[in-house]
Amino acid sequence: MPEGHTLHRLARLHQRRFAGAPVAVSSPQGRFADSATTVDGRVLRRTSVWGKHLFHHYQGGGIVHVHLGLYGTFTEWERPAADRLPEPVGQVRMRMVGAEYGTDLRGPTVCEVIDESQVADVVARLGPDPLRPDADPSWAWARIMKSRRPIGALLMDQTVMAGVGNVFRSELLFRHRIDPYRTGQQITEAEFDAAWTDLVALMKVGLLRGKIIAVRAEHDHGAPSYRPGRPRTYVYRRAGDPCRLCGTTVLTAELEGRNVFWCPVCQR
């Protein structure tokens, strides 16, 4: 599932390519057809993101709400000079066409037209988004400090912190030497503050670079901690490989329905 920085990158891209002008909105697949007509031909005023939720705000009040889920993806394309649009490939839920660019959305969990009050309802269910300038980490800390759930589960709970996915979760906990099974009540405020600051920095790098870069340069070396084809991460998807720092075998287990990765020595 795309993590928060991916949605923020999409919002910036769509803002540059479509905002300020009328946009043709359709649903080649048909499942979004009725809703598409309510915004088709209207000016896209702006885009916004909260966590993993993307919003396209159209003139007249209609707002397209997209949550990509596990399988959703946008395919971006340039509009042909001859104005012969490319045929949709696969099940395109929503197509947006502007003066110079188009984009096709396939496989989202959510694609709907809502209003401002419904956007507020969506946001009210979410925790702070580390990439938003108005993020309030104290709200997340208030939830974590009282919880008996593992911190590895709390970080993935979008009602606690919005936009964090499995890669950021696993890598952040390793960078701060925190066992994913420690409960929220066992996390100190100093640990939370340091992790939040680090998470904001990591997600900003992801936003700018388009990929998650979590391994510090001094740890990104060759054997025995690296094999060709393995992820450039500390622990995420490296189960069975030696820890980059201590050489201990990286472990994995299922935590509240998602695989978590950690080093049992570095993360006591």
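Treat the numbers as computed from the prediction; the structure is a model and nothing was measured. Residues take their numbers from the sequence shown, with the count starting at 1.
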*asked:* If you define the side chain from C-beta out and look only at heavy atoms, does anything of Leu70 sit under 4.5 Å from Thr109?
replied: no

*asked:* Which residue in the set Val43, Asp40, Val25, Val113 passes side chain to side chain contact (heavy atoms under 4.5 Å, CB included) when paired with Tyr58?
replied: Val25

*Would you say Thr233 and Ser170 make side-chain contact, with heavy atoms under 4.5 Å?*
no

_For Arg12, I'd like to know if atom CZ has over 12 heavy atoms of other residues, nucleotides or ligands within 6.0 Å._
no

*Just by distance, do the side chain of Gln185 and the backbone of Arg148 share a donor-acceptor pair under 3.5 Å?*
no

*So do the side chains of Trp262 and Tyr181 get within less than 4.5 Å of each other, counting heavy atoms only?*
yes

*Enclosure of Asp34 CG (heavy-atom neighbours >12, cutoff 6.0 Å)*: no

*Counting only N and O atoms by type, is there a donor-acceptor contact under 3.5 Å from the side chain of Arg93 to the main-chain atoms of Val110?*
no

*Can you check whether His56 reaches Val23 side chain to side chain, under 4.5 Å on heavy atoms?*
no

_Non-hydrogen side-chain atoms of Trp50 and Gln158 separated by less than 4.5 Å_ = no

*asked:* Donor-acceptor pair, distance only, cut-off 3.5 Å: does the side chain of Gln267 make one with the backbone of Ile178?
replied: yes

*Is it possible for you to check whether Arg17 lies under 6.0 Å from the centre of the six-membered ring of Tyr101, through NZ or CZ, and within 45° of that ring's axis?*
yes

*asked:* Let's go through Phe74 and His14 carefully: what are the C-alpha distance in whole Å and the side-chain angles of both, what is the deciding distance for ring pair (Phe, Tyr, Trp, His ring centres under 6.0 Å) to 0.1 Å, and is it a yes or a no?
replied: CA-CA 11 Å; Phe74 279 97; His14 293 168; 4.9 Å; yes

*asked:* Taking the six-membered ring of Phe18 as reference, does the cationic atom of Arg16 (NZ for Lys, CZ for Arg) lie under 6.0 Å from its centre and within 45° of its axis?
replied: no

*asked:* Quick check for you: to the nearest 0.5 Å, what is the distance between Arg216 atom CZ and Tyr234 atom OH?
replied: 5.0 Å

*Arg106 and Val89, any side-chain heavy atoms less than 4.5 Å apart*: yes

*Are side-chain heavy atoms of Gln118 and Ile63 found at a separation under 4.5 Å?*
no

*Any side-chain heavy-atom pair from Pro150 and Glu256 closer than 4.5 angstrom?*
yes

*asked:* With rounding to the nearest 0.5 angstrom, report the NE2 to NZ distance, His5 to Lys211.
replied: 11.0 Å

_Walk me through whether Arg177 and Leu245 qualify under side chain to side chain contact (heavy atoms under 4.5 Å, CB included)._
CA-CA 11 Å; Arg177 307 296 186 265; Leu245 271 62; 2.7 Å; yes

*Using the ring of each side chain (for Trp, its six-membered ring), is His53 parallel, tilted or perpendicular to His67, with breaks at 30° and 60°?*
perpendicular

*Measure from the side-chain N and O atoms of Arg95 to the backbone N and O of Ser26, and report whether any donor-acceptor pair falls under 3.5 Å.*
no

